Amino acid sequence: MLRIALQKSGRLSEASLKLIKECGISFTNGTGKLKTIADNFPAEFLFLRDDDIPRYVADGVADIGIVGENVVVEDRSEVVITKALGFSKCRLSIAIPRSEMYEGIESLQGKHIATSYPNILRDFLNKNGIDATIHEISGSVEIAPSIGLADAVCDIVSTGSTLMSNGLKEVEVIFRSQAVLIQTPVLNEEKQAILQKLLFRIEAVQNARNNKYILLNAPKEAIPAIIDILPGMKSPTVLPLAMEGWYSLHSVIQEDQFWEIIEQLKAAGAEGILVVPIEKMIY
Ligand code: PRP
Ligand code: ZN
């Protein structure tokens with residue numbers, strides 16, 4: 001059985017659970033439970049504070065975990081980052097009171113900065129030759145300037161609303177982060193095989209998110225031009241319609257090419273274009 005650590009509650013928890021669900025893994029989680037076994041996959045889930053996840057995975061208490069890259073890099077635990085998951089994107093930034101002037105990094109010289117990320121911040125300050133004092137605090141970093149504890153903060157920014165409501169402005173982005181899957185350095189063969197199974201499913205889910213299924217109708221003479229536009233997994237499916245001389249073409253297009261391709265298809269003579277989400281996609 002593979003032990004998987006997930007965040008109990010916070011920025012990552014909802015998206016992590018959604019990914020697990022889309023991988024076809026279900027469990028009955030009595031709310032507030034710290035541990036649960038999957039109904040249909042050889043896995044056990046541990047629900048932990050995100051900050052603790054790298055350590056549990058490094059120690060082998062959990063085999064793998066889903067956590068913010070920011071937490072992994074700050075923690076310096078010996079874990080392997082297996083895969084970037086593309087959700088819960090955020091940045092670690094330095095922010096100062098809105099009323100303060102900022103003229104570049106030099107403005108931080110001699111300042112007091114409150115943070116829960118002393119390691120990443122120290123590296124950044126050293127690299128830039130800034131001599132500032134780091135105050136390590138474990139939470140509610142954003143109030144430090146208003147209570148006179150620090151001149152600046154270094155904290156996670158996602159929408160920016162926390163900074164805004166505390167009268168702070170973001171002046172330096174020092175690290176960009178997203179959710180990652182981490183694993184313990186040594187996994188036995190059996191667990192490795194379960195992990196491969198899970199990674200295969202995660203990839204199918206990620207591919208599906210980046211692609212759409214497209215169906216369209218076209219007259220026979222337009223088909224060659226349309227095939228040139230549609231990449232497809234191999235080549236598009238072409239099916240005759242009941243109406244003489246007309247065909248239905250099916251293919252897969254990438255989300256980011258979507259609007260451009262639709263324009264080209266219309267120009268080439270496509271009609272009745274349908275674009276539908278894909279649930280899973282395996283190459
Ligand atoms: C971070 C940070 C802020 C908030 C910023 O906390 O400490 O409180 O997110 O988000 P916003 O820009 O959307 O307002 P996080 O979710 O990482 O929680 P944690 O520090 O308790 O783990
Ligand atoms: Zn946390």
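When a ligand or atom number is given, it counts from 1 through the structure's own listing order. The residues of the chain are indexed from 1 along the displayed sequence. These figures come from a predicted structure and were not determined experimentally.
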Quick one: look at Leu163 and ligand 1, take heavy-atom pairs under 4.0 Å, and tell me if it's side chain, backbone, both or neither.
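No part of Leu163 comes within reach of ligand 1.
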With a heavy-atom distance limit of 4.0 Å, tell me whether Thr162 approaches ligand 1 through its side chain, its backbone, both, or neither.
both
Quick check on contacts: which atoms of ligand 1 are under 4.0 angstrom from a heavy atom of [X]?
X: Val157; answer: 12 (O)
X: Thr159; answer: 11 (P), 12 (O), 13 (O), 14 (O)
X: Arg11; answer: 9 (O), 15 (P), 16 (O), 17 (O)
X: Asp50; answer: 22 (O)

Using the ring-ring contact (aromatic ring centres under 6.0 Å, His included) criterion, which residues pair with Tyr213? Sequence neighbours excluded.
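Checked Tyr213 against ring-ring contact (aromatic ring centres under 6.0 Å, His included); matches are His250.
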Electrostatic pair [X]-[Y], nearest N-O below 4.0 angstrom:
X: Arg209; Y: Glu22; result: yes
X: Asp63; Y: Lys191; result: yes
X: Glu170; Y: Arg91; result: yes
X: Glu203; Y: Lys83; result: yes
X: Asp123; Y: Arg76; result: yes

If you measure every N or O of Asp155 against every N or O of ligand 1, does any of those distances drop under 3.5 Å?
yes
From atom 10 (O) of ligand 1, work out which of Gly160, Ser158, Ser165 has a heavy atom at the shortest distance.
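Answer by nearest heavy atom: Ser158.
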Could you tell me whether ligand 1 has any atom less than 4.0 Å away from a heavy atom of Ser161?
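Heavy atoms of Ser161 do come under 4.0 Å of ligand 1.
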Decide if atom CD of Gln109 counts as having more than 12 heavy atoms of other residues, nucleotides or ligands within a radius under 6.0 Å.
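Atom CD in Gln109 is crowded, with more than 12 foreign heavy atoms closer than 6.0 Å.
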